[in-house]
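Input: a single structure, listed below in structure tokens.
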4 protein chains.
Amino acid sequence: MLIQIDYKDKRPIYEQVIEKIQNLIVRGIIPADEKIPSVRNLAIELSINPNTIQKAYQELERLGYIYTVKGRGNYVAPSSSWKKDRREDYFGELDAVICELITMGVSKEEIIDFVNSK
Amino acid sequence: MLIQIDYKDKRPIYEQVIEKIQNLIVRGIIPADEKIPSVRNLAIELSINPNTIQKAYQELERLGYIYTVKGRGNYVAPSSSWKKDRREDYFGELDAVICELITMGVSKEEIIDFVNSK
Amino acid sequence: MLIQIDYKDKRPIYEQVIEKIQNLIVRGIIPADEKIPSVRNLAIELSINPNTIQKAYQELERLGYIYTVKGRGNYVAPSSSWKKDRREDYFGELDAVICELITMGVSKEEIIDFVNSK
Amino acid sequence: MLIQIDYKDKRPIYEQVIEKIQNLIVRGIIPADEKIPSVRNLAIELSINPNTIQKAYQELERLGYIYTVKGRGNYVAPSSSWKKDRREDYFGELDAVICELITMGVSKEEIIDFVNSK
DNA sequence: GTGGTCTAGACCACC
DNA sequence: GTGGTCTAGACCACG
């Protein structure tokens, strides 16, 4: 797996795990219905306590990114279960940042130029 | 003062205080070199532990939004000391959000439409 | 057979098998004294461990929905052996739900309207 | 507090805690914005590990029944944040039970009689 | 003191 | 072997 924990990061470990796996799923690196590492294996691989991975996996399931089959393992969910939510989340963030920039006197044109320069 | 603490907010209280005062300063509601409430007074007004206000004020000073005069109080710093930093921060955030949206298959045009609709 | 396992369902697989077969029996799709698939065959058909099917069949026998003839297979029991139990179970559930709704301030009339609208 | 754990119950302890506190809140026994016992205190009172209470409280917050203030404690949320969801949940359950009963040949009239007899 | 996170180690149901 | 739950005990940030 391509997951790395950053111990300098102030966020809790389980959040980092969530984010990393979200990334792998959203970018299509792990396809739908593919198995992801077992709680124990990932724990060993990252030298982390299994409970911490467990917490991350449970949250990922709650968010609709994976589904869990007891006695079998965890599998990535079809994109339909998270795609919409995720878009809305990011447009919400975009909205907040734009509000802040406009409040600070940045014009819409400047923002659009910035988007185009990407 | 126009500060309200939201206890249901997940962020620590001192961060909320920082954000609220930043807002008052950035929007020009408190002009440069104006005195802001003393640690003690604000603590009483918000029914909050003075240590919490103290922590917020220290951070605000570190960020360049206020300056402290020993024995006299805290004053709003001139905008030159924070304006640039703040713009860069928000453009950094904007950058991150746009990257995410593009990764998810949202086109630049959609993003620009969204900005224009504001 | 018309059985489908849903791996995203939180319940254990053997419970799903029980429920599905109960349904086929209760709705009369498999008549009394009809043979149901052998443990082995159903296991193969559903790509499931035979132990899981075995557990489901044992429970179905305990509940009176099927009876087992050693060396010959499993057969649907006559409705007399489960019909009464089942009705009582569901009226018990109905009772519990109605209690909760009333506790929450929902009137009997609202509940009756809901039943009639079905 | 009026909470009792039933060790014969097969459900996990944290679910029992959730259900018990939900009840206290829904029935108005603990009013909105009232403090509920701290994680540690309730753990001691019930002779349960604090982590288990913690899990229950986090779920209760996620469900909108309580809100948490770090360093202060947990408080019951205003009913607006859960009342609607809860009604929908129970009407959903009611719907399922009624479907089952009708499938078994129970008439609407019988069901309505049952409701009226309560 | 309060909640939030983490570790280590255990037992269980399920497959 | 797999996930789910629980205990015991620890450290941290917050107030």
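Sequence lines set the chain letters: A, B, ... in the order given, protein chains first and strands last, and positions in each chain run from 1.
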Rounding to an integer number of Å, can you tell me how far [X] [atom1] sits from [N] [atom2]?
X     : N      : atom1 : atom2 : result
A/I13 : F/dC11 : CD1   : P     : 16 Å
A/N49 : F/dT7  : CG    : C1'   : 13 Å
C/I18 : E/dC15 : CD1   : P     : 11 Å
D/I66 : E/dT2  : CD1   : P     : 15 Å
A/K10 : F/dC12 : NZ    : C1'   : 13 Å
D/I5  : F/dT5  : CD1   : C1'   : 13 Å
A/N74 : E/dC14 : CG    : P     : 18 Å
A/E59 : F/dG3  : CD    : P     : 17 Å

NA contact type, [X], heavy-atom cut-off 4.0 Å: base, sugar-phosphate, or nothing?
X     : result
C/I48 : nothing
A/N51 : base
A/Q54 : base

With both distances kept under 3.5 Å, what pairs with E/dC14, Watson-Crick or G-U wobble?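 Base-paired to F/dG1.
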Any side-chain N or O of [X] under 4.0 Å from OP1/OP2 of [N]?
X     : N      : answer
B/Y14 : F/dG15 : no
B/T52 : F/dC14 : no
B/K55 : F/dC14 : yes

Tell me if the side-chain of A/R40 makes a donor-acceptor pair with the base of F/dG1, cut-off 3.5 Å, by modelled atom types. no
Would you mind telling me which of [options] lies closest to the side-chain atoms of [X]?
X     : options              : answer
D/Q58 : E/dG4, F/dT7, F/dG4  : E/dG4
A/V39 : E/dC15, F/dT5, F/dG3 : F/dG3
D/S38 : E/dT5, E/dT2, F/dG3  : E/dT2

Counting distance only, does the side-chain N/O of C/Q16 pair as donor-acceptor with the main-chain N or O of C/D6 below 3.5 Å? yes
For B/P12 and D/E15, take the nucleotide of DNA chain F holding the closest heavy atom to each; which residue's nucleotide lies nearer the 5' end?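 Counting from the 5' end, the first nearest nucleotide belongs to D/E15.
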Whichever of D/K70 and D/Y7 has its nearest DNA chain F nucleotide further upstream toward 5':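 That would be D/Y7.
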Does a side chain donor of either C/D33 or C/Y67 reach within less than 3.5 Å of an acceptor in the other side chain? yes
With rounding to the nearest 0.5 angstrom, report the [atom1] to [atom2] distance, [X] to [Y].
X     : Y     : atom1 : atom2 : value
D/D9  : D/Q4  : CG    : CD    : 13.0 Å
C/L42 : C/I53 : CG    : CD1   : 4.0 Å
D/L60 : D/I21 : CG    : CD1   : 5.5 Å

Would the number of heavy atoms belonging to other residues, nucleotides or ligands and lying under 6.0 Å from NZ of A/K35 be above 12?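 Enclosed.
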Toward the 5' end of DNA chain E, by each residue's nearest nucleotide, C/R11 or D/T68: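 It is D/T68, whose closest nucleotide lies nearer the 5' terminus.
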For D/G73 and A/R72, take the nucleotide of DNA chain E holding the closest heavy atom to each; which residue's nucleotide lies nearer the 5' end?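 This one resolves to D/G73.
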